[in-house]
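Worksheet: the structure to be examined is printed underneath.
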Amino acid sequence: MARSIVMWSPRWSVVAAYRDEALPEAVPDVPLALVHGGVLTDCSASAAHAGVRQGMKVREAHTLCPSLVMAARDEHRERRAFDRVLTDLAEYVPQHAVLAPGLVAFGARGLERFYGSEEAAGRMLRDALVQSEPLAEARIGIADDVFTAVTAAKHTTEAYPFRRVEPKNSALFLSEMPLDVLDDDATVSLLLRLGLRTLGDFVNLGIDAIRERLGVPGERLFRLAGGTAEAPLLVRDAPEDTRERMELAEPCSLVEQVAFNIKAPLERYDNRLRRAGVVITRVRVVIGFDDGAQQEKVWTHPRFFTPSDLLDRVRWQLEQSFRNTEVSSDVVPPSVTWVECDALEPEDALSHEPGLWGAGPDSRVHHVFSRVQGLVGAQGVLTGSSRQGRLAGDTHVLTTWGDHEQQSAQGPLPGSLPSPLPATIFSTPREISLVGDDGHAVGVSSRAELSSSPAWLVSGSSRLKVTSWAGPWPVWEKWWDPTRSRFVHRLQVVDEHGMGWLMSLCDQAWSLEARYD
Amino acid sequence: MDVDRIEQMFEYSSMSPALTLESHEPTRADVQALRQRIQVMESTRVGSRVIPVHSAVSSIFPRGGLNTGSVYSVDSSTSLLWVLLAEATQQGTWCAVVGMPDLGVAAAEELGVNVDRLVLVPSPGSQWMAVLGALIDVVGVCALGAFPAPSERALSTLSGRLRERESTLLVRSSWPRVDAALAVEHQWDGVEQGRGILREHHLRITATPRPGQTALSCDVVIDHGGLRTATRMAPVIDLAHHRKAG
């Protein structure tokens, strides 16, 4: 049994959400709640003050606190935020065992020896956490085993954030605890129905009776409740700091200058991560300019980034930002002063090692496509996938080569474009006029009827005779959202050469959406 | 002795009348026939691989598929493009489409293209030749938008690369020295004056090879089930009319 110090940060998921840059509306002090499956999993102190509680339904919480900001729970985000804190803690304590985001255990013996006493070590850890993450709160529990220490940490208050269980007193401490600290809902519910209230009651049943009725899981719970569980601490080293800021010796305003200056630092950065046994598959690149502006972008790689890949991404990002500022050419373009790379979700290098005989033909394909991206820009090389859509342009999604495709489960979509689908879809619909047999432009009435029979497709000086047509079909897309809603009429037309066209009428103007060639 | 030999030699050469200018004036037709024979021999590359195409259209290719190392010119029909790429992508060959921004990827999937093996470079701009040169290394079929033919010298370099890498190029404009030019005639069925829906796409695909070889064509139909060979329909008998007459 290893005496342990457990540090618990209550409402860690809320802190992580406040720190997430992807949630701009979640700023500290705003009442915030995290939602999973329609139920609140956690909420901020300000929300709790308004009466919002864990386990509430979303609607109920909104009634209690109308200004409540909701965010989806994201375990990745919590882990990422906690890893950042642990990196800072590495200065004080080299090894730790993360039990959950916001809950971490340390071996007590070494810390006690170094800091004089367990209390001093606990205070130091608490200060270190708050220093690294001012929004967080830290509670400390110290006991003979991890389970008791966790229970102790969770039964502290804001006013008394320490709870230390004297050596060999675990069983006594736990016997007063309610059953639900066991974290096994089914068993706890059964025991409550049997009339048991505390862990002490449970232990008093005796190991034989519990083993007989609850089997091996019951035996494990018995050991936990008696403070005799021998779960060894799986300690690991502090996570590698995946962020690196590269300051340029002098501000540069040319892409190639910047690329030249950061080539060596990027190689060092990659080397450092490789030595730590991780590779980068997703990286956030932030570029800082001398006028204080920052420009950031997240890049993804289908395998992992090599230093030259990273350099390419920085170069593309710079080219793009320079292109955007080129409009005002009389102003001196801003110069780059620093570049920062932050590997998001670093992956174990072992799972990316090339095989003994190379990584197969697909790595060659990837290499060539990346080279083409170097020629035409990252967004110039695409892969496509189909989906259901009511308008021609919605029937496919184009993804930049190397980016992860956002998969969305899609059921059948009523009113989607019928098969066979048009082989040519104009990336920008072409304006055209549709003239009826009465010589006037064809319109659509409010009852979705054409004002006259279509006779000619006219575009500039050229025209095509319409031989047959079908439709119109009204399509009202996203009617619930006034900013994105669109009401169009679809019409299929066949011209004198037997070619099929898909047209749409939006705001009294016809356009060609697609060609059935 | 020597003189005799020389005389004999002259006699010998004069024995072949077809090759002498005096005895037989070569007509324009002869020259063309010879050129055709040379071209036929040129285009036969024994041992070069064939990229398979859908069985409904394989009949227009003398070897049952696209010759690797060759250039085909295709017209602007995108369905034709997808039909030509379908079988190759399904067998795991990477295919690329360069310089065509207006593509319906959903239609490609309907026609049997495995889009996981398809990469698109919609607007390569002036870099198209460099992009093409890079892509040829790894893709089996590369389709190119309507770009003007490169210079004769660049074209022969390109052909060499295509042969070496065993890939095929489809071009949407008429380039010199193509293996065949593929053209499509369309007919859509299913719509009338305001009723129905575009249901059946009839295509007649014609392959016009180098001069001297016969043009081949095939009729196919695309409907909601994908691509199939057009079958000659039995004449529709109007039963109601029949009964009245009977």
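Chain identifiers are assigned alphabetically (A, B, ...) following the order of the sequence lines, protein sequences preceding nucleic acid strands; residue numbering begins at 1 within each chain.
- Among all heavy-atom pairs drawn from B:P122 and A:G380, the shortest one is CD-O, 3.2 Å.
- Ranked by heavy-atom pairs under 4.5 Å with chain A, the first of B:V97, B:L81, B:L103 is B:L103.
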B:W94 vs A:F369, side-chain contact (heavy atoms from CB on, under 4.5 Å): CA-CA, chis, key distance, verdict: CA-CA 11 Å; B:W94 274 95; A:F369 291 172; 3.7 Å; yes
Run the side-chain contact (heavy atoms from CB on, under 4.5 Å) test on A:V365 and B:V138 for me, step by step, so that the C-alpha distance in whole Å, both residues' side-chain angles and the decisive distance to 0.1 Å come before the verdict. CA-CA 6 Å; A:V365 170; B:V138 288; 4.0 Å; yes
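- In this structure, the portion of A:V372 lying under 4.5 Å from any heavy atom of chain B is its side chain and not its backbone.
- Proximity to chain A is limited to the side chain of B:V139, based on heavy atoms less than 4.5 angstrom apart.
- Once rounded to the nearest 0.5 Å, the distance linking OG1 of A:T383 with CG of B:L118 reads 9.0 Å.
- For chain B, the nearby parts of A:T424 are the backbone and the side chain; heavy atoms of each come within less than 4.5 Å.
- Judged purely by atom type and a 3.5 angstrom limit, B:S77 uses its side chain to pair as donor or acceptor with the backbone of A:D517.
- Only the side chain of A:R430 comes within less than 4.5 Å of a heavy atom of chain B; its backbone N, CA, C and O stay farther away.
- Interface residue A:L398: only side-chain heavy atoms are found under 4.5 Å from chain B.
- Each of B:T78, B:V115, B:L203 has some count of heavy-atom pairs under 4.5 Å with chain A, and the biggest count is that of B:T78.
- The two residues A:R371 and B:D137 make their nearest non-hydrogen contact at NH2-OD2, 4.1 Å.
- At a 4.5 Å heavy-atom cutoff, the contact between A:P422 and chain B is made by backbone atoms alone.
- From B:L132, atom CG reaches atom CG of A:L375 across 11.5 Å, with rounding to the nearest 0.5 Å.
- Looking only at distances, a side-chain donor or acceptor of B:W188 sits under 3.5 Å from a matching main-chain atom of A:Y516.
- Of the possible polar contacts, one joining the A:H396 side chain to the B:V105 backbone as a donor-acceptor pair under 3.5 Å is found.
- For the pair A:V381 and B:L120, the minimum side-chain heavy-atom distance is 4.5 Å or more.
- Using modelled atom types, one finds no donor on one side chain facing an acceptor on the other under 3.5 Å when comparing B:E192 with A:S468.
- We find the CD-CZ distance between A:Q492 and B:R199 to be 11.5 Å, quoted to the nearest 0.5 Å.
- For the atom pair NE2 (B:H186) and CZ (A:R515), the distance works out to 8.0 Å, reported to the nearest 0.5 Å.
- The most heavy-atom pairs under 4.5 Å with chain A, out of B:Q187, B:H224, B:Q193, come from B:Q193.
- For the options A:A423, A:P454, A:P418, heavy-atom pairs under 4.5 Å to chain B are most numerous at A:A423.
- With hydrogens and angles ignored, the 3.5 Å screen pairs no side-chain donor or acceptor of B:E110 with any backbone N or O of A:S419.
- Rounding to the nearest 0.5 Å places CG of A:L417 at 9.5 Å from CG of B:L198.
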